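This report refers to the structure that appears directly beneath it.
As the structure lists them, so they are numbered: ligands from 1, and atoms in each ligand from 1. Being a predicted model, the structure only gives us computed values, none of them experimental. By convention here, the first residue in the shown sequence is residue 1.
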Amino acid sequence: MSNNSRIESGKRIVVKIGSTLLVDQEHGTVHRKWLDTLGADIAACIKRGQEVIVVSSGAIAIGRRHLGLPLGELKLDDNQAAAATGMVRLAHAYEEVLGGFDLTVAQVLLTLEDTENRRRYINARNTLEALLRLGAVPLINENDTVATDEIRFGDNDRLAARVAAMISADVLVLLSDIDGLYTADPRTDSDATIIPEVKEITPQIEAMAGAAPQGDSKGGMVTKLAAAKVCLANGCRMAITDGRDMHPLKRLEDGAATWFLPSATPKTARKRWISGALRPAGSVVLDDGAVQALGAGKSLLPAGIVTVEGDFQRGDAVIVKTGDGRELGRGLVAYSAEDAKRIIGYKTSEIESLLGYRGRDEMIHRDDLVLD
Ligand code: GLU
């Protein structure tokens with residue numbers, strides 16, 4: 001097993017937990033014994049310096065049983081009621097389990113829009129970054145109570161991959177009830193073998209996905225491959241592994257899994273995306289001091305900007321130029337053109353009084369900057 005296909009080498013790990021693992025099938029409540037061992041594994045990761053973000057399914061599965069709703073496909077409003085009922089129980093269980101390891105759990109419910117609309121995307125990302133900085137473990141699920149069919153992910157595999165991309169995680173683990181991607185469906189084909197490593201999602205790989213399972217889980221191999229595509233494009237390694245046994249993350253250290261391995265790291269993938277795919281929405285012109293600071297690997301502060309051009313919004317890509325019009329590179333701005341005009345030339349400590357709110361210290365953070 002290469003070093004790349006190891007959970008121990010991750011810095012920021014997103015762990016997605018499928019409904020079937022979490023729900024005690026007999027009682028329809030949280031499978032507490034199993035969750036205790038997952039909690040211990042998460043605590044062990046954090047102890048060795050890794051950051052962990054949990055994306056958990058199970059709200060609907062637990063809520064529907066608690067409310068006594070029938071098996072099978074639910075009507076939208078019943079589904080939403082089940083999610084509302086189940087989520088509070090799910091969060092409570094995580095809070096108790098991780099609290100036992102002195103870890104703080106912070107619930108974040110996201111919708112598809114939060115990962116697609118730029119403003120909301122930036123807000124969600126900043127919230128998650130703040131939680132990690134403060135040492136909390138974000139517990140994420142889709143906000144099923146407000147999401148209707150047309151505007152929802154529906155499955156947490158893809159949600160988890162979007163979250164991983166959003167916060168530049170370098171590992172996503174999908175804890176499932178199957179230990180990886182097989183050459184054919186192992187339930188029907190006894191010759192099927194597991195594929196340990198995948199570097200590209202070819203049509204051949206896609207053909208191996210098969211049909212979605214029955215029961216509580218909304219995903220299947222198809223949504224897992226969709227998640228893998230997002231991960232590969234964003235420089236995040238992804239594992240599919242069987243999480244049903246106790247200590248599922250510990251088991252992944254030497255257990256069977258399929259690892260999807262991108263060619264880039266999250267940082268290089270992000271920089272490639274900034275320099276390549278985006279049409280610049282404007283530009284910022286720097287003074288000589290700022291040109292030098294950027295060359296030395298620093299971020300761009302408002303104080304070093306002489307003028308801004310174009311009508312860009314927060315999060316847009318802009319061209320970074322010298323006073324004589326030479327292009328230095330590109331970056332994503334932390335302020336809109338309108339706000340930028342009010343703070344350029346000023347010290348970072350003055351931003352709050354100039355704008356009436358406290359935004360980022362930098363106009364372009366060095367992680368969001370690519371020099372030519
Ligand atoms: N968000 C759903 C829930 O918490 C689960 C979706 C899925 O199974 O992927 O019940």
Side-chain angles (χ1 to χ4, degrees), residues 14-25 28-31 34-35 38 53-95 97 105-115 124 138-164 172-178 209-231 238-244 248:
V14 178
V15 183
K16 182 259 168 176
I17 296 125
S19 295
T20 14
L21 309 180
L22 258 174
V23 184
D24 180 331
Q25 294 303 331
T29 51
V30 176
H31 192 177
W34 176 87
L35 193 60
L38 174 73
I53 298 94
V54 174
V55 175
S56 186
S57 304
I60 295 171
I62 291 164
R64 70 187 296 162
R65 286 170 174 80
H66 187 80
L67 293 171
L69 291 164
L71 291 174
E73 199 62 29
L74 290 178
K75 289 202 310 257
L76 178 64
D77 51 356
D78 284 346
N79 214 38
Q80 293 176 324
T85 309
M87 192 59 219
V88 73
R89 309 188 102 74
L90 197 59
H92 182 61
Y94 276 100
E95 208 266 315
V97 166
V105 178
Q107 177 184 286
V108 180
L109 299 180
L110 297 175
T111 59
L112 183 61
E113 266 222 294
D114 295 319
T115 66
L139 168 66
I140 301 175
N141 195 357
E142 183 162 13
N143 196 350
D144 293 307
T145 317
V146 295
T148 55
D149 282 343
E150 310 77 60
I151 55 154
R152 71 200 289 252
F153 279 103
D155 68 88
N156 278 359
D157 294 328
R158 289 177 302 153
L159 173 67
R162 291 281 194 96
V163 166
L172 166 61
V173 178
L174 300 182
L175 291 179
S176 173
D177 55 1
I178 183 156
Q214 307 279 309
D216 285 322
S217 75
K218 300 286 176 295
M221 216 32 95
V222 174
T223 55
K224 290 183 177 49
L225 288 187
K229 278 189 192 162
V230 174
C231 285
M238 187 187 105
I240 300 174
T241 191
D242 188 346
R244 283 175 298 181

Counting only heavy atoms, tell me which of Asn143, Asn141, Asn156 gets closest to atom 4 (O) of ligand 1.
Asn141
To atom 7 (C) of ligand 1, the nearest of Gly58, Ser57, Ala61 on a heavy-atom basis is Ser57
Does Asp144 approach ligand 1 within less than 4.0 angstrom via side chain, backbone, both or neither, non-hydrogen atoms only?
side chain
Glu142 CD to Asn156 CG distance, which is reported to the nearest 0.5 Å:
6.5 Å
Evaluate salt bridge (Lys or Arg N to Asp or Glu O under 4.0 Å) for Arg64 paired with Asp78, printing each intermediate quantity in order.
CA-CA 8 Å; Arg64 70 187 296 162; Asp78 284 346; over 6 Å; no
Closest non-hydrogen atom pair between Ala61 and Val23, with its separation
CB-CG2, 3.7 Å
Could you establish whether Ala83 and ligand 1 come within less than 4.0 Å of each other, counting only heavy atoms on the residue side?
no
Side-chain contact test, heavy atoms from C-beta onward, threshold under 4.5 Å: evaluate it for Pro248 versus Leu21 and give yes or no.
no
